[in-house]
Amino acid sequence: MEGIRLRFAPSPTGPLHIGGARSALFNFLLAQKLGGKLILRIEDTDLARSSRESELNICASLKWLGITWDEGPDVGGEYGPYRQMERLDFYRKYTERLLAKGNAYYCYCTEEELEQERQEALSTGAAVKYSGKCSALSPEERKRLEAEGRKPVVRFRVPEQQEIVIDDLVRGRVVFNSEEIGDFVIVKSDGIPTYNYAVVIDDSLMKISHVIRAEEHLSNTPRQVLLYQALGFTMPHFAHISLILGKDHTKMSKRHGATSVVQYKEEGYLPEAVVNFLALLGWAPAGEEEIFSKEQLIEEFSLERVAKNPAIFDMDKLRWINGMYIRESSLEQLVELALPFLCKAGYVSENPSPEEMKWAELVMTALQERLTILREVEEQVKILLGEEVTLESEEAAAVLREETFPLVINTFREKLLALDEITPEAVKALLKSLTKELKLGGKLVYMPIRVALIGQMHGPDLYLIIAILGKELVVRRLEKIFSGLGLNSQVE
RNA sequence: GGCCCGGUGGUCAAGUGGUUAAGACACGGCCCUUUCACGGCUGCGACACGGGUUCGACUCCCGUCCGGGUCACCA
């Protein structure tokens with residue numbers, strides 16, 4: 001469809017927030033669905049907090065998630081530039097127009113004066129809004145104030161008693177009255193536009209057709225509508241999606257765990273899983289399926305099925321989805337994904353040798369069914385390395401006191417030593433024959449060996465554990481257990 | 001405080017006047033399995049409250065309560 005243009009407009013004041021990622025995702029999904037374009041615009045007018053580093057981080061996070069854009073500061077486009085600080089001339093032009101038409105005026109009030117007004121309003125219970133003190137300054141007064149060295153801001157003159165209607169694509173008809181809004185600042189004293197002003201000019205100039213953004217912007221929208229009207233611009237469609245809340249029902253913050261998407265990457269969540277989870281937060285598919293590829297999401301997505309109520313970030317569900325993706329990965333993919341974590345833990349080198357790769361494959365085979373996030377490999381692998389075996393519980397210790405324990409272990413060791421090549425298949429067969437030969441229940445064979453080798457009653461398949469440990473380490477660990485128990489290890 | 005948005009199980013949520021009120025995560029039980037996990041089956045568990053409208057309200061209207069957002073020279 002022609003003319004469908006959506007945008008994601010983050011301010012580069014920190015890493016990409018998980019909520020921002022969802023906004024970006026919804027915009028991306030709808031743009032893709034409708035065959036439109038996605039524009040990335042950097043809203044860097046907060047000089048104190050904006051940084052190029054954050055911009056880069058945001059772009060990297062979006063790319064990691066698989067969210068791509070058609071126009072933006074890095075790729076260009078015919079409606080650029082795509083950083084607001086590079087668009088100051090545009091804003092200036094419209095400010096002059098607004099000033100000339102009387103839709104805006106200079107205001108010289110100091111912060112102290114404004115704060116006093118605000119406090120008064122608060123104490124009397126009146127609406128907190130600008131008094132309009134500077135709205136009718138004479139040229140002489142302006143000259144006098146400027147002579148004092150005051151730098152003015154530009155305020156928008158809000159029309160009186162005007163009903164402002166927003167037909168929101170997710171919320172329906174929302175009505176505001178201009179009486180509730182004070183004359184607001186559109187250009188700061190340093191000449192830089194404020195958010196509400198720049199966003200209108202940019203969305204308009206960039207021909208944005210749909211604005212999907214977080215609900216926190218809904219209350220700002222009437223101001224923007226007023227600006228659209230004063231500037232003679234046509235309005236885009238608005239869709240305000242609900243916020244993501246933490247477990248305590250307040251806005252997501254550090255207290256709730258990871259808030260930025262890089263943190264999820266570092267924890268070992270797969271981008272596909274994060275995207276899948278984010279899509280499900282506030283949007284519901286028509287069917288019962290919950291696991292969706294990006295392509296399926298694009299196919300299924302629609303604003304009609306976006307919920308109005310805020311959603312709480314359910315870490316358990318994210319973990320579940322991530323586990324699903326880990327299990328659905330091929331071994332090759334999984335090893336590829338896990339390598340950075342194995343490397344970081346010092347288990348493999350940066351450029352893994354063929355032996356290390358083989359080891360990693362074996363490890364991931366053992367762990368694939370058991371992982372929910374990749375970072376858990378570190379802890380899981382720990383039990384498979386080193387000489388020491390620590391018993392996890394009294395229950396585990398009891399297994400070692402089993403009457404048949406020495407017999408099982410010794411027979412197992414003999415058979416293992418007789419094996420020339422330790423492969424998972426070979427060990428599997430070995431254990432099978434061992435069970436048959438000893439005529440003991442499976443549990444009495446497998447559990448003692450398991451506990452003797454890793455000190456735990458739970459874990460990956462025993463034959464895989466043995467194959468990963470290798471013959472020498474298995475034997476050494478068995479020795480350790482025997483000496484620890486004061487038993488005769490019957491070494492030949 | 002004014003204005004705005006919202007309120008279905010612990011969580012995500014389907015639902016648009018008549019349903020035994022789906023499904024998923026989490027939790028309990030059972031099965032599978034050498035263990036855990038995975039998988040399968042099963043169970044627990046909800047329409048915030050009060051008034052209307054209606055033959056009939058989770059669904060529509062009003063009020064209350066609760067939660068969130070916003071009222072910046074931040075976005």
Side-chain angles (χ1 to χ4, degrees), chain A residues 9-13 43-46 48-50 84 107 109 111 114-115 118 121-130 151-155 166 168 170-172 174-177 179-182 184-196 198-199 214-223 240 242-243 245 247 249-251 277 280-291 305 307-321 323-324 327 367-372 399 431 435 441-451 456-463:
Chain A
S11 63
T13 54
E43 309 216 327
D44 52 357
T45 55
D46 184 344
R49 296 193 301 148
S50 294
Q84 290 188 323
C107 168
C109 293
E111 252 176 77
L114 295 171
E115 183 55 27
R118 200 170 301 133
L122 239 32
S123 62
T124 58
V128 181
K129 61 179 226 185
Y130 179 62
K151 282 255 183 279
V153 299
V154 179
R155 280 186 190 272
I166 297 159
D168 194 279
V170 347
R171 262 144 238 286
V174 184
V175 182
F176 296 85
N177 192 301
E179 280 308 295
E180 295 140 16
I181 304 169
F184 56 93
V185 176
I186 56 174
V187 181
K188 307 181 227 177
S189 55
D190 58 5
I192 294 171
T194 59
Y195 162 73
N196 279 121
V199 77
E215 195 194 336
E216 54 186 320
H217 293 295
L218 184 56
S219 303
N220 273 320
T221 310
R223 280 165 244 273
H240 288 94
S242 58
L243 261 19
L245 269 28
K247 263 217 145 44
H249 294 234
T250 61
K251 218 169 153 180
F277 173 71
L280 256 22
L281 224 46
W283 170 79
E288 288 187 353
E289 185 56 49
E290 305 231 7
I291 302 297
R305 298 193 68 84
K308 297 178 172 70
N309 52 314
I312 289 159
F313 195 91
D314 184 357
M315 199 67 82
D316 283 328
K317 186 142 182 176
L318 206 210
R319 292 175 63 88
W320 173 73
I321 291 178
M324 292 290 281
R327 272 169 258 131
L367 262 28
Q368 180 158 28
E369 298 263 289
R370 325 171 44 73
L371 289 174
T372 56
V399 171
L431 289 168
T435 312
K443 211 165 185 164
L444 278 174
V445 177
Y446 286 82
M447 199 48 80
I449 300 176
R450 170 180 295 279
V451 173
Q456 298 183 9
M457 299 183 67
H458 315 305
D461 287 336
L462 186 55
Y463 71 95

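- Closest contact between the side chain of A/K308 and the listed nucleotides B/G6, B/A13, B/G23 involves B/G6.
- Among the nucleotides B/A75, B/C38, B/U34, the one closest to any side-chain atom of A/Y195 is B/A75.
- Distance from the side chain of A/P310 is smallest to B/G6 among B/G15, B/G6, B/U34.
- When distances run from any side-chain atom of A/E216 to the nucleotides B/C12, B/G69, B/G68, the shortest one goes to B/G69.
- Out of B/A26, B/C12, B/A75, the shortest distance to the side chain of A/D316 is found at B/A26.
- Closest to the side chain of A/K443, out of B/U11, B/A22, B/U34, is B/U34.
- Nearest nucleotide to the A/V174 side chain, out of B/C4, B/C12, B/G39: B/C4.
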Output one line per pair: protein atom, nucleotide atom from nucleotides 62-64 of chain B, and distance, for all N/O pairs under 3.5 Å.
none

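- Closest contact between the side chain of A/K188 and the listed nucleotides B/C5, B/C74, B/A24 involves B/C74.
- Distances from the side chain of A/E215 to the nucleotides B/U34, B/A24, B/C5 place B/C5 closest.
- Distances from the side chain of A/W320 to the nucleotides B/A75, B/C12, B/A26 place B/A26 closest.
- Counting any heavy atom pair closer than 4.0 Å across all strands shown, A/L431 reaches no nucleic acid atom.
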